[in-house]
Amino acid sequence: ASAYEPADLYRLAMVTDPVVAPDGRRVLYTRASFDISSDRRQNELWLATLDAEGRLLDQRLLVPAATSAGGAVFSPDGSRIAFVGAVAGKPQLFILALADGIARPLGTQKTAPQSLAWSPDGSRIAFGAQVDAKPLEIGGMPAKPEGATWAPAPRITEELVYRRDGAGWVTPGAAQLFVIEVATAKTTQLTSGDTDQINAGDRIEWTRDGRSLLFSAYRGADADLRANDADLWLVPAAGGAATQLTSAPGIEASAALSPDGRRIAYIGGPDAPKFYAMPELWLMDAKPGAGAVKLSAALDRPILAAEWAEDGRSVLAFYNDEGVTRVARIGLDGRVQRVEVPRIGGTRLYLPSSGGGFGYARGTFAYTSAFTDRPAGLGVARGGRQTAAIDVNAGWAAGKRAGRLEEINVKSRADGRRVQGWLLYPPDFDPAKKYPLILDIHGGPNTDYGPFFSVTHALYAARGFVVLFTNPRGSIGYGEAFANAITGAYPGQDHDDLMSAVDEVAKRPFVDGRNLFITGGSGGGVLTLWGIGKEPDKFRAAAALRPVTDWALQTYISDIGAVTWKYWLDGKAPWDDPVHYYNRSPVSLAAKWKTPTLLVTGESDFRTPIAQTEQVYGALKLRGVPARMVRLPEAPHGMGRPSQWLQSNLAVIDWFEKWRVK
Ligand SMILES: CC(=O)N[C@@H](C)C(=O)N[C@@H](C)C(=O)O
C-alpha cells in the first residue's frame with residue numbers, strides 16, 4: 001500500500017446529491033470524479049434499487065458524464081426523472097423514462113433551469129431561470145465590418161454586483177419562474193420584472209391541487225444590498241398576480257408544504273445586526289401574513305434542509321453539529337428527537353467541512369456517507385440503521401495507507417471555552433520521531449471542519465506533516481452564541497482559540513517545536529495573516545490562501561461586500577469609520593510581519609479579489625520579508641480546476657519544506 005499522492009485526485013470518486021424515489025425503493029445519486037485529460041470535474045447520474053428493508057439490490061449508470069447531469073428529480077409516480085444537462089455547451093432540460101432508460105430533451109432553454117419541481121399529476125415542471133436583458137452599450141461606435149477582429153466589447157455595468165465568484169461577469173437580466181408542459185414542451189413564464197422575481201436556486205413547491213407555486217424571492221430593487229432578505233410568494237400556475245405570504249425583514253426560504261398543504265415549514269430567520277444569521281426551522285399556516293413559530297429553538301444548530309414526515313406531524317431536519325451533519329425529527333411542538341443516521345459526510349472534498357446531502361421518502365434516508373480516509377460514498381438507512389452502503393473508492397482505498405485521525409478538545413486561553421479540533425497523523429507515524437506541525441484554519445468564518453477525508457490534509461500528512469485543524473469561535477455547529485462570538489471582533493478571540501490548540505499540541509513529544517507552520521484559506525487566510533502579526537516568533541513559515549487582507553477593499557470589490565460591512569464590520573461603513581476597518585484588517589499588522597509567507601490566489605477570485613493578495617505581497621516585499629506569490633490564471637475562489645487545487649496544495653508543501661529547520 002502507498003501513501004496518498006497528488007495524482008490520486010484523478011483516481012477518486014465521490015457521491016453527492018442523493019434523491020430518494022417517492023416509493024422509498026430507489027435512490028438517484030451523482031458520482032463525481034476528476035478527469036485527468038480535461039482537468040475538470042465530471043458527474044455521472046446513477047440509480048440504486050433497494051428491497052423493502054432498504055438493502056441494495058443493484059445499481060446502474062443512468063446518465064454518463066458527457067451529459068453533465070445535475071438537479072435530478074423523480075416524477076411523482078417515480079417512473080421518470082427530470083434533470084438539466086448540457087448539449088454543445090448549452091443548458092438542456094431532459095426527461096428520462098426509467099422503463100427504457102432514454103433521456104429525451106424537453107424544449108429549448110437559453111439559460112440553465114434551476115430547482116426543477118414536478119406538478120403533483122406529473123404533467124408539468126416548474127423551474128427558475130434567468131431571462132437575459134440587453135447589455136449596456138456605448139453609443140456612437142461605427143459598425144464593425146463583417147469578419148473584423150476588433151478588441152472585445154467593454155463590460156459596462158450599473159449594478160453593485162457585476163461579477164460573481166465562480167459564475168464570472170454578470171449578464172444583465174432577472175430570474176423568473178417558468179412552467180413547462182411535459183407532453184408538448186409549451187413553456188409559460190409566470191413572473192416578470194426587471195429585477196429577480198424568484199431566488200432561482202431555492203426550492204419551488206407545488207400546492208397539493210397543482211394550481212399554484214410556492215417559492216422565495218426578494219423583489220426589491222435594492223436586492224444586491226439585502227443579502228439577508230427573502231420572502232415567500234404564491235403564484236397561480238396558470239398565470240396571474242403573485243401573492244406575498246411573508247414580508248418580515250429577514251429570510252423566509254426553502255419552503256416545504258405539509259402533506260395536507262395547510263402549513264409551511266421554511267428555513268431562515270429575522271434579520272438582525274449580528275455576524276451570523278443562523279438558519280432556523282419555522283412553521284406557519286399557508287396564508288398571507290400568518291405568524292410563524294420557530295421549531296428548532298431547542299436544537300440551536302443551523303438547519304441545512306428539511307422535509308416533512310409523511311404523517312405531517314414532524315419535520316426531518318438536516319443540521320450541523322460539532323463538525324458533522326445529523327438528522328433530527330422536530331415535532332410541531334418543537335420537540336427534537338435525534339434520528340440515528342450513521343455519519344453523514346461533507347462533499348467539499350478539498351477540505352474537510354461538514355455538509356453533504358440527504359434525501360428522504362417513505363422511511364428511507366439516503367445520504368452522503370463519511371469516511372476519514374476516502375471521499376463520501378452513498379449510505380441508506382431505515383429505522384435508525386444503515387441498510388445499504390456504496391463505497392465508490394473501495395478499490396482505491398485498499399491500495400492506500402492513510403494516517404490516523406484523532407479528535408482533540410482544548411480550553412481557549414481567552415476564556416476557557418472548549419475548542420474542538422482534530423489531528424491527522426502521517427501514514428507511517430512513529431511517536432518516537434519529531435514531526436513538523438501545520439495548523440490549517442478554515443474560512444467562512446461561519447463554516448466548520450470535521451473528521452473527514454480531504455485531499456489537502458491527506459497530501460500534507462503523506463508528506464510527513466502532522467495536521468491540526470480546529471473549529472474556533474465563529475464556527476457553526478456549536479450553537480448560535482458560539483458562531484456569533486466574533487461579532488464586533490473578527491479577528492479577535494478566534495485567534496486565541498487557534499493558538500491555544502497549537503500550544504496544547506506542541507507540548508506533545510512528537511511535535512518539532514522549531515517547525516510550526518500556519519495556513520488557511522479565505523477567512524482562514526485572514527487568521528493566518530493575523531496570526532503571524534500577533535505571534536511573529538511562533539511560526540517558521542505561513543501560507544495565506546485567497547485571503548481577505550483589508551476589510552475596506554473587501555467591502556468595495558468583493559461580490560459579498562454588502563454582507564461584509566452590514567454584518568461583519570458591525571454595520572459601520574468604511575467611509576464613516578475607516579479606523580475601525582483598518583484595525584480589523586490583517587494589513588494593519590504589516591509592521592510586525594517577519595514570517596516567510598506564501599500567498600496563493602485565483603486571478604478570477606471575485607470573492608476575495610486578488611488585489612488584496614497583491615497588497616500583502618507588496619507589503620512583505622517592501623519590508624524585506626521572504627514572500628512568494630502564486631497566481632492561478634482564471635481560477636475563482638474555490639481554486640478552479642483540479643490541477644489548480646493541487647498546485648495550491650503543493651505550493652504550500654514546497655514553501656514549508658523550503659523553510660523547515662532540517
Ligand atoms: C462567505 C464567504 O464566502 N466567505 C469567504 C470569505 C470564505 O472565508 N470562504 C471560505 C469558506 C473558503 O474556504 O473559501
Side-chain angles (χ1 to χ4, degrees), residues 161 163-167 201 227-228 251 274-279 302 304 320 323 346-356 439-450 452 454-457 469-477 483-484 486-487 490-491 494-495 498 518-531 543-569 581 584-587 599-613 616 632 635-640 644-645 648-649 652:
V161 181
R163 49 186 192 173
R164 276 187 204 288
D165 188 63
N228 283 358
I251 296 178
K274 54 190 175 184
F275 204 102
Y276 177 55
M278 187 165 86
L304 307 177
N320 284 97
T347 49
R348 199 173 171 200
L349 185 63
Y350 292 143
L351 291 166
S353 297
S354 71
L439 167 70
D440 178 31
I441 311 165
H442 74 67
N446 301 126
T447 63
D448 68 353
Y449 275 160
F452 307 119
S454 76
V455 168
T456 303
H457 292 177
F469 51 110
T470 67
N471 286 332
R473 69 196 66 199
S475 303
I476 57 168
N484 267 313
I486 54 172
T487 303
Y490 171 60
D494 41 1
H495 167 76
L498 293 163
I518 181 169
T519 185
S522 197
V526 172
L527 288 162
T528 298
L529 294 171
W530 195 259
L545 316 175
R546 55 193 191 287
V548 177
T549 69
D550 178 326
W551 286 111
L553 207 48
Q554 170 75 3
T555 298
Y556 291 130
I557 65 176
S558 165
D559 67 347
I560 57 164
V563 173
T564 307
W565 71 276
K566 272 190 157 176
Y567 301 102
W568 295 6
L569 274 299
Y581 273 70
R584 295 267 290 275
S585 297
V587 75
L599 296 149
V600 184
T601 301
E603 289 186 339
S604 293
D605 186 332
F606 299 148
R607 180 59 45 91
T608 56
I610 195 162
Q612 301 184 76
T613 293
V616 166
L632 301 171
H637 194 62
M639 299 254 165
Q644 292 180 305
W645 192 270
S648 170
N649 288 161
V652 172

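Atom set for the values below is all heavy atoms of this structure, side chains included, hydrogens, waters and symmetry mates excluded. Throughout, numbering of the chain's residues begins at 1 and tracks the sequence. Counting convention: from 1, in listed order, for ligands and their atoms alike.
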Can you confirm, on distance only, whether ligand 1 has an N/O atom lying under 3.5 Å from any N/O atom belonging to [X]?
| X | answer |
| --- | --- |
| Ser522 | yes |
| His637 | yes |
| Arg546 | yes |
| Gly523 | yes |

Close approach, Gln554 and ligand 1, non-hydrogen under 4.0 angstrom
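Heavy atoms of Gln554 never come under 4.0 Å of ligand 1.
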Q. Is a donor on one side and an acceptor on the other found under 3.5 Å between the side chain of Arg546 and the backbone of His637?
A.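 Flag set: sc Arg546 to bb His637 pair under 3.5 Å.
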Test item: Gln554 and Ser585 side chains (from C-beta on) under 4.5 Å apart, heavy atoms:
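No; the side chains remain at least 4.5 Å from each other.
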> Does Phe469 have its ring centroid less than 6.0 Å away from the ring centroid of Tyr449?
Replying inline: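 For Phe469 and Tyr449, the ring centres are under 6.0 Å apart.
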Please report whether the ring centroid of Trp568 lies less than 6.0 Å from that of Tyr581.
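No, too far apart.
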query: Near Gly443, which atoms of ligand 1 are under 4.0 Å from a heavy atom of that residue?
result: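 Matching atoms, with element in brackets: 8 (O), 10 (C), 11 (C).
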What's the shortest distance from atom 2 (C) of ligand 1 to any protein heavy atom, and which residue and atom give it?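 That would be Gly444 O, 3.6 Å.
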query: Taking the minimum heavy-atom distance to atom 13 (O) of ligand 1, which of Met639, Arg607, Arg348 ranks first?
result: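 Minimum heavy-atom distance to atom 13 (O) of ligand 1 goes to Arg348.
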* Identified side chain to side chain contact (heavy atoms under 4.5 Å, CB included) partner of Thr528 from the options Leu439, Leu498, Ile518 ->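 With Thr528 as partner, Leu439, Leu498, Ile518 yield a single side chain to side chain contact (heavy atoms under 4.5 Å, CB included), made by Ile518.
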Quiz item: Which atoms form the tightest heavy-atom contact between Pro445 and Ile486, and what is the distance?
Solution: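 Closest approach of Pro445 to Ile486, heavy atoms only: CG-CD1, 3.6 Å.
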